[in-house]
Amino acid sequence: MIKVLLFAGMQERAGTAELQLDEVRLRISDIKSALEKKYDSPQMFIGCLSAVNEEFADDDTEVSTGDTVAFIPPVSGG
């Protein structure tokens, strides 16, 4: 099982802060595509950073059972 953590607007769109995926192996881009389709939100991950097990990762990074993926939204301030 792969644990996915969502924050801010992504959390609001999904209605939850945490998801569990049953897949054994995926790329970050696969997870993004699946969640954008599931929540009908094609721009859900624009500008967000990804992390796997608390290390920054890119869309080609593979994750597998036992990993935790976090999607971190852009931060703005003023």
Side-chain angles (χ1 to χ4, degrees):
M1 191 169 301
I2 299 167
K3 185 167 138 181
V4 178
L5 302 177
L6 303 171
F7 301 94
M10 292 177 281
Q11 181 178 343
E12 292 172 17
R13 287 185 186 107
T16 184
E18 184 177 320
L19 302 166
Q20 304 284 333
L21 304 177
D22 292 331
E23 285 80 359
V24 174
R25 183 173 296 272
L26 290 170
R27 289 181 305 148
I28 295 291
S29 60
D30 297 328
I31 296 171
K32 287 180 175 179
S33 294
L35 295 180
E36 286 174 341
K37 287 179 187 171
K38 180 175 181 174
Y39 297 109
D40 193 27
S41 185
Q43 299 182 357
M44 187 171 180
F45 295 100
I46 288 180
C48 81
L49 297 174
S50 304
V52 176
N53 301 327
E54 300 184 11
E55 299 274 335
F56 286 113
D58 62 28
D59 283 353
D60 293 327
T61 301
E62 288 192 359
V63 295
S64 56
T65 298
D67 287 337
T68 298
V69 178
F71 293 110
I72 305 152
V75 177
S76 63

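Counting from 1, the numbers follow the sequence of the chain as shown. FYI, side chains are in, hydrogens and waters are out, and symmetry mates aren't considered; it's all heavy atoms of this structure.
The CG atom of Asn53 lies 10.0 Å from the NZ atom of Lys3; values are rounded to the nearest 0.5 Å. If you take CD on Glu55 and OG on Ser50, they are separated by 13.5 Å, rounding to the nearest 0.5 Å. Note that CZ of Arg25 and CG of Asp67 are 8.5 Å apart. Values are rounded to the nearest 0.5 Å. Distance CZ/Phe45 to OG/Ser33: 9.0 Å, rounded to 0.5 Å. Here Ile72 contributes atom CD1 and Leu5 contributes atom CG; the two are 9.0 Å apart, rounded to the nearest 0.5 Å. Taken to the nearest 0.5 Å, the CD1 atom of Ile28 stands 10.0 Å off from the CG atom of Asp60.
Side-chain contact between Leu35 and Val4 is present, with at least one heavy-atom pair separated by less than 4.5 Å. Residues Lys32 and Met44 form no side-chain contact, since every pair of their non-hydrogen atoms from C-beta on lies 4.5 Å or further apart.
Closest non-hydrogen pair, Phe71 versus Phe7, comes out as O-CD1, 3.1 Å. Heavy atoms only, all atoms of each residue included: Pro73 and Cys48 are closest at CA-CB, 4.1 Å.
Proximity of a side-chain donor or acceptor of Asp22 to a complementary backbone N or O of Met1 within less than 3.5 Å is not detected.
The 12-atom threshold is not exceeded at CZ of Phe56, counting heavy atoms of other residues, nucleotides or ligands nearer than 6.0 Å. More than 12 heavy atoms of other residues, nucleotides or ligands shown are found within 6.0 angstrom of CD on Gln20.
Paired with Leu26 under the rule side chain to side chain contact (heavy atoms under 4.5 Å, CB included), one option of Val69, Ile31, Thr61 passes, and it is Ile31.
Evaluation of the side chain to side chain donor-acceptor pair (under 3.5 Å) test over residues 4-17, restricted to residues two or more places apart or in two chains, returns Arg13-Ser41.
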